[in-house]
Student: 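The structure is given below, and queries will be raised subsequently.
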Amino acid sequence: MSELKPSLMDYTLKELESLISPKFRVKQIYGWLYHHYASVYEDMKNIPKALKEELDEKYLVNPLSIKNKEESTDGTIKYLLELQDGKTMEAVWLKMKDEQLDESGNICQEAKYTICVSTQVGCKVGCTFCLTAKGGFTRDLSAGEIVAQVVTLKKDNNHKHSRKINIVYMGMGEPLDNLTNLAKAIEIFKEDEGLSIGGKRQTVSTSGLSSKIDKLGEMDLGVHIAISLHAVDDELRSELIPMNKAHNIQSIMDAVKRFPIDTRKRVMFEYLVIKGKNDDIASAKKLVKLLADIKAKVNLIYFNPYPGTPYHRPSKASMLSFQEYLVKHGLLCTIRDSKGIDISAACGQLKEKVEVEGEGEA
Ligand code: SAH
Ligand code: SF4
């Protein structure tokens, strides 16, 4: 990582103010980065040429370029993004709610979007159901490479900086395994002079590194967490997520209870449903028990098959009866609608496709 050139997006406003003089230029530069989505120095019209040349020697503007893009009929757009060292990772633009029109056909409420970002190229956790895991771990993303995903996708979709957006850290990689850069990115997103995306609009999804959940909590960044639970007993969970042996279900539950959560909010538990593995009512029953004293909501996810996987997608009927059981027993439970199902939706699947088709990195 050290040989890579940092980008302006790697720094908070305060840090840039200590790196760049005169200081008053930094707010202007921040505006170019986060309000006008400048990709190169030439875009920054009111910054003196000499300063731009000086900065150009040390910092990139936007460290990402769009390598591939797949658009689904439901408005989901999956991006394959290339980093300066030629490595690739994914980010997804998700349309969560259509725009609302009033009686005369004018827009009275704009559409709502969420961006799913990656935190690493590859992943060390090695979940047996996950395509990202199959490629192993390449490297952490820098804070700027995380931030640039949101800038790049907002720019590509003409989404003004002032329009609200939610961020979920659910792309490639385990966010808590790259905690320093993750925390920095969260801070940069929150900057009032920048994108101004508050902590409550950011959700960190983790496979359950319990000690790091505590660390994230201590940082008090105001973000939500989502726990990728996927199983209700340690035996199956360790089969699906090998590091469960070191961070078992109980340790995760304890960490969640210590996490500073907005009292009006719930902790999201993601439960990947795999046919014949964890889709039975006995599992649903155990799940209710496990979450009994946590303000939780459950998101059921259909396992999304890919070539070579030993696992299968559950039937709609078993999904619905699993959900029905949870709801009947007082748990808030949604089924993640398969956004972008026609475009290799789950994490790691676009990257894999491009590489198989021979356009991928060497
Ligand atoms: N590493 C973090 C965040 C990224 S994984 C975590 O595990 O939480 C993002 C999501 O993709 C997780 O909820 C994971 O369960 C899901 N996922 C991975 N492989 C999948 C597949 N084959 N089908 C459906 N969802 C999958
Ligand atoms: Fe890593 Fe998440 Fe995939 Fe597991 S599901 S291998 S933690 S990206």
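In each ligand, atom 1 is the first atom listed, and ligand 1 is the first ligand listed.
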Student: Could you tell me, atom by atom, which parts of ligand 2 come under 4.0 Å of a heavy atom of Cys130?
Tutor: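 Those atoms are 3 (Fe), 5 (S), 6 (S).
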Student: Show me the pairs that pass salt bridge (charged side-chain N to carboxylate O under 4.0 Å, His left out) and involve residues 221-231, at least two apart or across chains.
Tutor: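 Salt bridge (charged side-chain N to carboxylate O under 4.0 Å, His left out) check on residues 221-231 returns no pairs.
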Student: When you compare ligand 1 with Glu270, is there at least one nitrogen or oxygen pair between them that comes in under 3.5 angstrom?
Tutor: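 Such a contact does occur with ligand 1.
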Student: With a cut-off of 4.0 Å, which atoms of ligand 2 are near a heavy atom of Cys123?
Tutor: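 Near Cys123, meaning under 4.0 Å from one of its heavy atoms, ligand 2 has 1 (Fe), 6 (S), 7 (S), 8 (S).
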Student: Examine Arg313 relative to Phe303 and say whether NZ or CZ is less than 6.0 Å from the centre of the six-membered ring and inside a 45° cone about the ring axis.
Tutor: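 Cation-pi check for Arg313 and Phe303: fails.
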Student: Please work out, at 4.0 Å between heavy atoms, whether the side chain, the backbone, both, or neither of Thr206 comes within that distance of ligand 1.
Tutor: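 Contact part for Thr206 vs ligand 1: backbone (N, CA, C, O).
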Student: Going by the closest heavy atom to atom 25 (N) of ligand 1, which one wins out of Val273, Val125, Leu272?
Tutor: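 Looking at heavy atoms only, Leu272 sits closest to atom 25 (N) of ligand 1.
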Student: Using a strict threshold of under 4.0 Å (side-chain N to carboxylate O), is an ion pair present between Lys184 and Asp10?
Tutor: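 No, Asp10 and Lys184 are not salt-bridged.
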Student: Would you mind running through ligand 1 and noting each atom that sits below 4.0 Å from a heavy atom of His230?
Tutor: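 Ligand 1 atoms under the 4.0 Å threshold to His230: 15 (O).
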Student: Considering Pro175, Gly171, Pro305, Ser205, which one's heavy-atom position lies nearest to atom 4 (C) of ligand 1?
Tutor: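 It is Gly171 that holds the nearest heavy atom.
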Student: Does anything in residues 254-294 pair up under ring-ring contact (aromatic ring centres under 6.0 Å, His included), and if so which pairs, sequence neighbours excluded?
Tutor: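 Non-adjacent pairs meeting ring-ring contact (aromatic ring centres under 6.0 Å, His included): Tyr271-Phe322.
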Student: Of all the atoms in Cys127, is at least one N, O or S atom closer to atom 1 (Fe) of ligand 2 than 2.8 Å?
Tutor: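 Within the cut-off used here (under 2.8 Å), Cys127 places no N, O or S atom near atom 1 (Fe) of ligand 2.
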Student: Would you say the ring centers of Trp93 and Tyr113 fall short of 6.0 Å from each other?
Tutor: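 Yes; Tyr113 has its ring centre under 6.0 Å from that of Trp93.
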Student: Checking Glu145 side chain against Leu64 main chain: does a donor-acceptor pair fall under 3.5 Å?
Tutor: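 Answer holds: no.
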Student: Run the numbers for me: atoms of ligand 1, each under 4.0 Å from some heavy atom of Tyr302, listed by number.
Tutor: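 Every atom of ligand 1 under 4.0 Å from some heavy atom of Tyr302: 24 (C).
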Student: With a 4.0 Å cut-off on heavy atoms, does Gly173 reach ligand 1?
Tutor: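 Contact check Gly173 vs ligand 1: positive.
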Student: Does Phe129, backbone or side chain, put an N or O under 3.5 Å from an N or O of ligand 1?
Tutor: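 For ligand 1, there is an N or O atom that lies under 3.5 Å from one belonging to Phe129.
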Student: Are His230 and Phe129 close enough that their ring centres sit under 6.0 Å apart?
Tutor: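 Aromatic pair counts; centres sit under 6.0 Å.
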Student: Would one find more than 12 heavy atoms of other residues, nucleotides or ligands at under 6.0 Å from atom NE2 of His36?
Tutor: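 Above 12, so yes.
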Student: What are the atoms of ligand 2, with element, lying closer than 4.0 Å to any heavy atom of Ala133?
Tutor: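 Checking each atom against Ala133, I get 6 (S).
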Student: For ligand 2, which atoms sit closer than 4.0 Å to a heavy atom of Val125?
Tutor: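 Taking each heavy atom of Val125 in turn, ligand 2 has 7 (S) under 4.0 Å.
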Student: What atoms of ligand 1 come within less than 4.0 Å of a heavy atom belonging to Glu174?
Tutor: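 With Glu174 as reference, the close atoms of ligand 1 come out as 1 (N), 2 (C).
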Student: May I ask you to say whether Asp234 pairs ionically with Lys245, meaning some side-chain N is under 4.0 Å from a carboxylate O?
Tutor: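 No.
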Student: Taking Asp98 first and then Lys112, would you say they form a salt bridge - that is, a charged N and a carboxylate O separated by under 4.0 Å?
Tutor: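 Here Asp98 does not pair with Lys112 in a salt bridge, since their nearest N and O are not under 4.0 Å apart.
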Student: What atoms of ligand 2 come closer than 4.0 angstrom to any heavy atom of Ser207?
Tutor: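 Answer for ligand 2: 7 (S).
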